[in-house]
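As structure tokens, the structure follows; a few thoughts come after it.
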Amino acid sequence: MDIVTVSHFRRAISRDDLALAPGEVFMGGGTWLMSEPQPATTGFVDLTTLGWPDLEITDTGLRIGATCTIATLRAWAEGRHELTLPETWIAASIIPEAADALLASFKIWHTATVGGNICRAFPAGAMTSLAVGLDAIAEVWGVDGSMRTMPVSDLVTGNAVTCLAPGEVLRAINIPESALTSRAHLKKIALAELGRSGSVVTGREDRDGSSVFVITAAVERPVVLRFTSLPDATTLRTAIAAATGYYSDPLGSADWRRAVSMVLGERIREELTA
């Protein structure tokens with residue numbers, strides 16, 4: 001789509017280039033920016049030229065640069081990347097499933113960025129499902145040169161709403177090794193076979209026996225349910241039913257989203273039990 005209000009485009013080379021002028025917005029892959037009119041936008045600031053590493057293995061886990069494309073992350077999870085996937089990081093198996101949960105052609109994976117999908121904060125954002133399901137921590141750069149961190153589950157505060165202040169930039173997403181070494185599953189459902197996700201549920205059992213279930217797409221912001229052990233069917237069903245934020249739109253009613261979330265959660269629980 002032609003964005004007719006845009007009069008200039010500039011590439012960010014250093015952090016100093018991230019100071020936005022009136023009407024400017026940050027651009028990662030730009031797949032959403034180019035999908036509909038942006039009447040208030042007069043300029044794009046390209047983040048992909050900052051040279052941030054896509055993927056890094058650190059002492060604490062995996063660091064994903066915000067400008068890493070979904071295709072690159074998926075290639076790494078499938079062993080098709082120069083950075084070796086540690087054998088014990090078995091939870092990386094849900095990364096391809098998260099990519100498949102996106103309402104997008106596989107061609108989009110080569111342009112759309114992990115950080116962009118999270119910052120767009122749509123309920124059905126599959127990278128949000130992945131990050132929250134694995135307890136990812138967001139690194140946020142401030143306009144004053146500061147840096148703060150927060151769980152990705154707290155970054156997304158509503159439908160297309162985040163807690164980012166004007167001019168703040170998501171720099172990276174850090175997934176802890178404790179989550180990467182867990183047994184994890186991701187399941188989705190949509191009213192149409194290739195439609196936008198009506199519910200995405202992730203579940204994992206950590207090595208200490210605790211478990212985490214996360215609901216996204218069915219709710220306006222991620223819902224995180226933590227248990228000291230793997231819950232029984234009744235406990236999990238009750239927790240999912242009691243979650244808040246289920247919403248209705250043309251792609252599914254709130255009651256339907258709640259009901260299918262309970263079904264997906266139970267399927268994951270059964271697989272983790274097995």
Side-chain angles (χ1 to χ4, degrees), residues 26 28-29 31-33 35 61-74 77 91-92 94-104 108-109 111-140 149-164 168-176 179-180 184-190 195-204 212-226 240 243-247 249 251-252 257 261 264-265 268:
F26 296 122
T31 53
W32 176 79
L33 283 173
S35 70
L62 177 68
R63 188 170 191 248
I64 305 170
T67 52
C68 175
T69 66
I70 294 167
T72 298
L73 181 61
R74 180 175 186 145
I94 70 172
I95 292 174
E97 297 172 5
D100 289 338
L102 286 166
L103 178 59
I108 298 297
W109 296 345
T111 303
T113 62
V114 176
N117 188 254
I118 292 172
C119 289
R120 190 59 255 150
F122 287 142
M127 294 298 102
T128 301
S129 305
L130 172 70
V132 178
L134 295 179
D135 281 345
I137 301 296
E139 287 183 27
V140 177
T149 62
M150 72 188 75
V152 174
S153 57
D154 293 338
L155 179 71
V156 177
T157 58
N159 185 353
V161 181
T162 71
C163 68
L164 294 176
E168 285 191 320
V169 178
L170 177 61
R171 168 62 182 87
I173 304 98
N174 294 284
I175 301 178
L180 288 164
H185 296 279
L186 180 151
K187 294 189 181 297
K188 66 156 282 187
I189 192 170
R196 192 181 75 195
S197 298
S199 177
V200 176
V201 178
T202 62
R204 72 173 208 265
V212 182
F213 289 79
V214 173
I215 310 164
T216 51
V219 287
E220 293 185 328
R221 60 171 297 179
V223 171
V224 182
L225 305 172
R226 298 186 185 275
I240 293 176
T244 59
Y246 294 105
Y247 66 98
D249 68 3
L251 298 178
R257 294 177 192 276
S261 296
L264 297 180
I268 291 173

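Not measured: the values here are computed from a predicted model.
Listed by chain and residue number, Arg63 satisfy the salt bridge (charged side-chain N to carboxylate O under 4.0 Å, His left out) test with Glu139 (two or more places apart in sequence, or in another chain). Taking the side-chain hydrogen bond (donor to acceptor under 3.5 Å, both in side chains) definition, one finds that Thr113 meets it with nothing, sequence neighbours left out. Val223 meets the side-chain contact (heavy atoms from CB on, under 4.5 Å) test with Ile215, Val219, Leu225, Ala243; sequence neighbours excluded. Legend: residues meeting side-chain hydrogen bond (donor to acceptor under 3.5 Å, both in side chains) with Thr31, ordered by chain and number and at least two apart, are absent. For the side-chain contact (heavy atoms from CB on, under 4.5 Å) test, residues two or more places apart in sequence or in another chain that qualify with Ala136 are Ala131, Val152, Ile173, Ile175. Judged as a salt bridge (charged side-chain N to carboxylate O under 4.0 Å, His left out), and not counting sequence neighbours, Glu220 has no contacts. Residues passing the salt bridge (charged side-chain N to carboxylate O under 4.0 Å, His left out) test with Arg257 are Asp249, sequence neighbours excluded. With sequence neighbours excluded, the residues satisfying side-chain hydrogen bond (donor to acceptor under 3.5 Å, both in side chains) with Ser129 are Thr216. Partners of Asn117 by side-chain hydrogen bond (donor to acceptor under 3.5 Å, both in side chains), not counting sequence neighbours: none found. Taking the salt bridge (charged side-chain N to carboxylate O under 4.0 Å, His left out) definition, one finds that Arg74 meets it with Glu78, Asp100, sequence neighbours left out.
Considering OG1 of Thr67 and CZ of Arg171, their distance stands at 7.0 Å, rounded to 0.5 Å. From Leu130, atom CG reaches atom CD1 of Ile70 across 10.0 Å, with rounding to the nearest 0.5 Å. Taken from SG in Cys119 to CZ in Phe26, the straight-line distance is 10.0 Å, to the nearest 0.5 Å. Atoms CD and NZ, from Glu97 and Lys188 in turn, are 11.5 Å apart once rounded to the nearest 0.5 Å.
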Please list, one pair per line, the donor and acceptor atoms closer than 3.5 Å that link side chains of residues 154-162 to other protein atoms, with sequence neighbours excluded.
from, atom 1, to, atom 2, distance (Å)
Thr157, OG1, Val161, O, 3.3
Thr162, OG1, Leu164, N, 3.2

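Pairing each heavy atom of Gly133 with each of Thr202, the nearest pair is CA-OG1, 3.4 Å. Nearest heavy atom pair, residue Ala98 against residue Ala126, reads O-CB, 3.0 Å. Across all non-hydrogen atoms, the minimal contact from Tyr247 to Ala217 is OH-O, 2.9 Å. Across Ala91 and Ala179, no two heavy atoms sit closer than the pair CB-O, 3.3 Å. Between Pro176 and Asn174, the shortest heavy-atom distance links the atoms CD-O, 3.7 Å. In terms of heavy-atom proximity, Leu170 sits nearest to Ala138 at CD1-CB, 3.6 Å.
For the pairing with Arg204, the side chain to side chain contact (heavy atoms under 4.5 Å, CB included) check across Val214, Ile268, Asp135 returns one residue only, Asp135.
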Side chain to side chain contact (heavy atoms under 4.5 Å, CB included) between Tyr246 and Ile240, intermediate numbers included: CA-CA 10 Å; Tyr246 294 105; Ile240 293 176; 3.3 Å; yes

Stepwise side chain to side chain contact (heavy atoms under 4.5 Å, CB included) check, Ile118 with Met127: CA-CA 6 Å; Ile118 292 172; Met127 294 298 102; 4.0 Å; yes

